[in-house]
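From a predicted model like this one, the values you see are computed outputs, not experimental measurements. Atoms within a ligand are numbered from 1 in the order they appear, just like the ligands themselves.
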Amino acid sequence: MALTFKSGIYINGQWVQPSSKAVLDVTNPATGELLASIPAAGRDEARAAVVAAHKAFKSWSGLNANERAAYLRKANAIFIERAQEIGEIMTLEQGKPIAEAVGEVLWGADYLLWYAEEIRRSNGTIVPSDSLNQRFYLRRRARGVVACITPWNFPNAMLLRKIAPAVAAGNTIVAKPAEETPLSAIKIFEVFHDAGFPAGVLNLVCGEPAPIGDVLLESPEVRQISFTGSTEIGRMLSERGGAQLKKVTVELGGVAPFIVFPDADLDVALNNLMWGKFANQGQSCVAPNRVLIHKDIFDTFTVAAKKRVEELKLGHGIKGGFEVGPMISEEAVVRVNAQLEDAKKKGAKVVAGGQIPSGIDPKRWCAPTIIVDAPKDALVTCHETFGPLVAFEPFTSEAEMIDSVNASESGLGAYLFTKDLAIAHRVSEALEYGMVVINGSSFGYVQTPFGGTKGSGDGREGGQDGLLEYQELQYINMNF
Ligand code: ADP
């Protein structure tokens with residue numbers, strides 16, 4: 001099915017044809033078929049987008065909070081109307097099951113509504129001074145042009161959870177989505193256009209990343225770069241952006257531990273493992289990588305998990321009724337399979353999955369797989385898997401288990417299952433992770449701050465802290 005899109009470039013309120021013949025070819029990961037060839041941005045368009053965003057900043061940041069919020073509320077309502085259509089496009093270009101894609105559109109849209117509300121409560125502070133005729137006022141204000149660079153795994157929500165707080169705060173935007181999933185970004189910008197956002201407030205440049213990234217880094221008008229993606233690119237943007245004294249926030253990967261204590265409700269733990277690990281084919285930075293199960297319940301839990309994993313159905317996400325769609329690319333399949341082979345070579349055993357069912361393309365799908373006995377130096381134990389492969393390991397000592405998971409270079413999300421409040425308090429606070437969920441499997445709520453520590457980056461997205469990221473503090477010393 002060929003889809004037609006006007007352009008992957010939206011600047012100053014208009015869909016733009018590029019000066020070069022550059023196109024982005026978008027393929028369906030379930031079939032390898034070409035979905036669309038879209039006119040793509042290069043250096044010139046990236047620069048034009050920055051100039052447009054800079055020009056729009058003064059008037060946009062000059063609106064009052066409720067005036068800006070009205071645009072976000074309008075866009076939220078349009079997303080709700082179009083969730084099915086936008087979800088279908090996402091499934092076609094990204095592969096995730098349609099129910100997950102539509103759910104993601106609604107989740108992403110909710111950031112618009114939440115920040116439309118929150119910006120109206122962006123209060124300042126009056127700090128007492130030592131003198132009767134003096135007041136210290138602290139106020140939060142927009143920074144300027146914000147560049148949002150986002151990955152393909154959640155093509156809607158990753159963009160909206162940056163754009164919603166940034167634009168609510170009064171910043172203007174140049175968005176550069178992943179080259180694998182530009183169509184979802186185009187659908188987002190169609191909504192913004194129809195919501196009537198003033199020209200220049202929101203600009204989109206789909207295209208080859210390096211030249212666009214260079215322009216965003218070199219442009220002095222870009223005051224902030226908000227990035228979600230790989231450690232390699234996050235480090236490069238931090239270094240080069242930092243050298244320009246831009247604010248750079250990076251949300252990188254994780255190697256999430258999923259810890260099950262012997263008193264846990266095993267059904268609850270298992271249900272959450274199935275969602276946390278296998279939604280989006282495991283292509284999430286918080287998907288459980290290592291499952292650490294207390295030795296007293298290890299066998300029981302493993303047998304129950306094996307049954308559930310073997311029941312998972314693989315198929316084209318667009319048809320519905322499937323839990324596991326294709327991986328984003330053939331390279332992603334190769335990478336996950338390499339982790340499996342590495343673990344097997346080092347002594348790990350497959351207890352569930354490991355085989356692609358007949359009728360499913362093994363170049364495009366990974367089999368949901370549980371392994372045991374992977375050693376500490378196996379790739380699956382110490383590197384992000386980003387696929388439906390998971391390693392189970394028993395633990396005996398709580399302290400040793402905590403040391404082992406804290407030894408990771410990253411620290412994004414961790415999962416803990418117990419009915420004992422003392423364990424919940426003690427272990428969650430001991431974990432060097434930006435987020436800990438107890439008896440659950442989700443972190444990304446609009447009202448909570450998503451983000452990590454150590455090698456997982458810094459900065460928070462969502463909640464009140466997610467708004468502060470896009471505001472700078474101004475201190476006014478008043479003497480009357
Ligand atoms: P992944 O390996 O998951 O694709 P990346 O970090 O490569 O992760 O991609 C995340 C985002 O970073 C994407 O939008 C991608 O296009 C962008 N990106 C990749 N290289 C650069 C670059 N040199 N400059 C700016 N953005 C980049």
Side-chain angles (χ1 to χ4, degrees), residues 8-9 22-27 29 38 40-43 45-47 49-50 90 93-96 145-163 173-186 188-189 203-219 222 224-244 246 248-255 280-287 327-336 338-339 383-387 410 412 452 455-457 459 461:
I9 313 165
V23 289
L24 269 187
D25 285 339
V26 188
T27 53
I38 54 161
R43 282 190 67 94
E45 291 75 25
R47 184 65 201 146
V50 171
M90 188 194 302
E93 71 173 350
Q94 199 271 353
K96 70 178 63 180
V145 179
V146 176
C148 303
I149 304 178
T150 53
W152 48 261
N153 60 341
F154 294 95
N156 181 285
M158 293 302 99
L159 260 181
L160 288 180
R161 95 174 165 191
K162 294 183 190 305
I163 288 176
I173 305 293
V174 178
K176 210 244 34 94
E179 51 277 29
E180 292 86 347
T181 53
L183 306 183
S184 294
I186 294 172
I188 291 175
F189 275 72
N203 304 277
L204 173 69
V205 282
C206 299
E208 274 303 310
I212 297 173
D214 285 348
V215 170
L216 298 176
L217 284 160
E218 289 158 14
S219 294
V222 174
Q224 179 170 357
I225 298 177
S226 175
F227 170 80
T228 301
S230 65
T231 304
E232 180 199 350
I233 302 298
R235 181 172 288 131
M236 180 278 287
L237 293 170
S238 295
E239 283 171 6
R240 289 180 59 195
Q244 307 280 330
K246 296 184 196 305
V248 184
T249 49
V250 293
E251 201 267 279
L252 311 173
V255 185
N280 206 12
Q281 295 84 259
Q283 300 170 122
S284 157
C285 48
V286 287
M327 300 291 285
I328 188 69
S329 64
E330 294 186 26
E331 297 79 60
V333 175
V334 169
R335 196 179 29 73
V336 175
Q339 278 206 357
H383 288 271
E384 185 170 46
T385 299
F386 233 63
S410 50
L412 190 59
S456 295
E461 298 196 318

For Arg335, which residues count as a side chain to side chain contact (heavy atoms under 4.5 Å, CB included) partner, sequence neighbours excluded?
Ala332, Phe386

Within the 4.0 Å heavy-atom sphere of ligand 1, strictly under, residues
Ile149, Thr150, Trp152, Lys176, Pro177, Ala178, Glu179, Pro209, Ala210, Gly213, Phe227, Thr228, Gly229, Ser230, Ile233, Met236

Heavy-atom closest pair (Met327 atom, Gly387 atom, distance to 0.1 Å) is CE-CA, 3.9 Å

Below 4.0 angstrom, N of the basic side chain to O of the carboxylate: do Lys162 and Glu251 qualify?
no

If you round to the nearest 0.5 Å, how far is CZ of Phe154 from OG of Ser284?
4.5 Å

So does Glu208 have more than 12 non-hydrogen atoms from other groups sitting under 6.0 Å from CD?
no

Nearest heavy atoms of Thr228 and Met158, plus distance in Å:
CG2-SD, 4.3 Å

